[in-house]
Amino acid sequence: MEGRAAITVRDLTMAYGDFVLQRDLNFSIRTGDIFVIMGGSGCGKSTLLRHLIGLNEPFEGEILYGEESFTRAAPARRMEMLRRIGVLYQSGALWSSMTLAENVALPLGEFTDLGADEIREVAALKLALVGLAGFEDYYPPDISGGMQKRAGLARAMALDPDILFFDEPSAGLDPISARLLDDLIIELRDSLGATIVIVTHELASIFAIGTNSVFLDSESRTMIDMGVPTELRDHSEHERVRRFLRRGEL
């Protein structure tokens with residue numbers, strides 16, 4: 001149901017030992033959002049994503065999936081909740097010794113009871129969804145960086161997740177490949193109804209696809225604004241937010 005909170009971050013503080021990276025984070029990601037986590041280098045964007053998927057634990061506060069606490073869930077229940085998500089890492093994180101179809105098949109073999117032929121069929125379908133039909137038997141080193149990102153996305157989608165997390169998806173891509181990936185993200189959100197959470201500093205992507213966003217500030221070590229990126233660019237009360245979103249303007 002669009003508009004319902006898919007993820008809620010409540011009073012979250014992220015810290016490494018005594019060093020507080022970000023404190024008092026409070027925001028919701030609505031179902032169907034393409035939600036952008038943005039801010040300057042070192043502000044904690046990727047660390048926040050790692051908290052959202054359980055790779056880091058909060059120093060304080062909690063994260064909810066729907067109305068259920070992910071942070072306080074028992075390990076077995078947390079694993080069930082993680083079945084609802086897919087992650088595309090910055091590098092693509094494909095196994096170079098495995099074909100694209102074999103990479104996509106990994107979570108299917110791990111978490112489903114499908115037979116080998118069915119897994120192969122689903123892997124081919126996921127690759128086709130990202131424009132890689134016919135590339136099932138290619139190896140990652142044999143294709144371009146943009147194609148590797150799309151193959152990583154196909155694997156992230158293997159289990160039909162409700163929520164997709166992307167960490168700097170356009171990193172290392174030329175502008176044309178980056179724009180094609182942005183178009184694909186919008187297409188997948190619209191066709192699959194998935195909620196998408198993206199860590200990025202790329203302005204073109206932020207404005208092209210972001211429906212909502214949060215800005216993490218490295219100076220105050222907390223969030224200082226949230227909203228539609230274009231509206232923050234034009235109307236944010238915080239100069240640091242406007243300056244970040246107007247980089248490159250004369």
Side-chain angles (χ1 to χ4, degrees), residues 34 37 45-57 70 75-76 78-174 176-185 187-189 191-192 194-202 205:
I34 299 179
I37 300 170
K45 299 186 297 295
S46 292
T47 303
L48 175 54
L49 185 146
R50 291 173 63 86
H51 278 72
L52 293 177
I53 62 177
L55 294 179
N56 287 22
E57 294 298 319
F70 175 69
R78 184 182 281 201
M79 286 302 298
E80 291 178 10
M81 297 168 77
L82 287 174
R83 287 279 306 276
R84 296 173 47 205
I85 76 168
V87 184
L88 174 61
Y89 296 99
Q90 185 175 149
S91 64
L94 298 171
W95 292 96
S96 61
S97 60
M98 303 175 72
T99 67
L100 301 189
E102 289 169 341
N103 269 280
V104 176
L106 276 174
L108 294 165
E110 184 78 16
F111 296 109
T112 75
D113 297 323
L114 297 175
D117 290 342
E118 292 172 304
I119 288 176
R120 173 81 180 182
E121 185 176 335
V122 173
L125 173 62
K126 300 303 181 183
L127 287 167
L129 282 174
V130 300
L132 291 175
F135 287 87
E136 293 86 356
D137 296 323
Y138 281 65
Y139 289 86
D142 300 329
I143 59 177
S144 69
M147 294 170 76
Q148 289 180 29
K149 288 288 178 75
R150 283 188 275 152
L153 178 52
R155 186 179 61 189
M157 293 162 44
L159 297 174
D160 297 321
D162 298 323
I163 307 169
L164 285 165
F165 293 90
F166 297 164
D167 187 9
E168 297 283 4
S170 299
L173 300 183
D174 62 84
I176 294 176
S177 296
R179 179 55 190 269
L180 290 173
L181 185 60
D182 286 344
D183 291 344
L184 177 61
I185 289 170
E187 187 179 319
L188 291 173
R189 189 279 308 268
S191 62
L192 302 177
T195 302
I196 296 174
V197 183
I198 299 180
V199 169
T200 185
H201 67 279
E202 299 286 348
S205 292

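Excluded from the calculations below are hydrogen atoms, water molecules and symmetry mates; all remaining heavy atoms, backbone and side chain alike, are included.
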So for atom [atom1], which belongs to [X], do other residues, nucleotides or ligands contribute more than 12 heavy atoms lying within a distance under 6.0 Å?
{"X": "M98", "atom1": "CE", "result": "yes"}
{"X": "L55", "atom1": "CG", "result": "yes"}
{"X": "R78", "atom1": "CZ", "result": "yes"}

Output the distance between atom [atom1] ([X]) and atom [atom2] ([Y]), rounded to the nearest 0.5 Å.
{"X": "I53", "Y": "F165", "atom1": "CD1", "atom2": "CZ", "answer": "7.0 Å"}
{"X": "L188", "Y": "D183", "atom1": "CG", "atom2": "CG", "answer": "11.0 Å"}
{"X": "R50", "Y": "D167", "atom1": "CZ", "atom2": "CG", "answer": "9.0 Å"}
{"X": "I85", "Y": "L52", "atom1": "CD1", "atom2": "CG", "answer": "9.0 Å"}
{"X": "L159", "Y": "K126", "atom1": "CG", "atom2": "NZ", "answer": "8.5 Å"}
{"X": "I119", "Y": "D113", "atom1": "CD1", "atom2": "CG", "answer": "9.5 Å"}

Side chain to side chain contact (heavy atoms under 4.5 Å, CB included) between E136 and L100, worked out: CA-CA 5 Å; E136 293 86 356; L100 301 189; 5.9 Å; no
Please report the shortest heavy-atom distance between [X] and [Y], naming the atom on each side.
{"X": "P169", "Y": "V199", "result": "CD-O, 3.7 Å"}
{"X": "A158", "Y": "P107", "result": "CB-CG, 3.6 Å"}
{"X": "M81", "Y": "F70", "result": "CE-CA, 3.8 Å"}
{"X": "E168", "Y": "T200", "result": "OE1-CA, 3.5 Å"}
{"X": "A105", "Y": "A123", "result": "N-CB, 4.4 Å"}
{"X": "A154", "Y": "L127", "result": "CB-CD2, 3.9 Å"}

Give the C-alpha distance, both sets of side-chain angles, the deciding distance and a yes or no for side chain to side chain contact (heavy atoms under 4.5 Å, CB included) between W95 and L106. CA-CA 10 Å; W95 292 96; L106 276 174; 3.4 Å; yes
With sequence neighbours left out, what residues match Y139 under ring-ring contact (aromatic ring centres under 6.0 Å, His included)?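 Y139 satisfies ring-ring contact (aromatic ring centres under 6.0 Å, His included) with no other residue.
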Where do D137 and R120 land on the salt bridge (Lys or Arg N to Asp or Glu O under 4.0 Å) test, with the steps shown first? CA-CA 11 Å; D137 296 323; R120 173 81 180 182; 3.1 Å; yes
Could you please spell out the steps behind the side chain to side chain contact (heavy atoms under 4.5 Å, CB included) verdict for L153 and F166? CA-CA 9 Å; L153 178 52; F166 297 164; 3.4 Å; yes
Between the main-chain N or O of L173 and the side-chain N or O of S170, is there a donor-acceptor pair closer than 3.5 Å?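 No; zero donor-acceptor contacts below 3.5 Å.
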Distance-only, no hydrogens or angles: does the Q148 side chain make a donor-acceptor pair with backbone N or O of I143 under 3.5 Å?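 Yes, because the side chain of Q148 sits within donor-acceptor range (under 3.5 Å) of the backbone of I143.
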Between S205 and L181, is there a side-chain heavy-atom distance shorter than 4.5 Å?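 Result no, sub-4.5 Å side-chain heavy-atom pair not found.
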Side chains of L164 and L192: closer than 4.5 Å at any heavy-atom pair? no
As a quick check of understanding, evaluate side chain to side chain contact (heavy atoms under 4.5 Å, CB included) for V130 and M157, giving each step before the final call. CA-CA 10 Å; V130 300; M157 293 162 44; 4.2 Å; yes
Please name the residue in the list E102, K149, R155 that meets the side-chain contact (heavy atoms from CB on, under 4.5 Å) test with L94.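 Only match with L94 under side-chain contact (heavy atoms from CB on, under 4.5 Å): R155.
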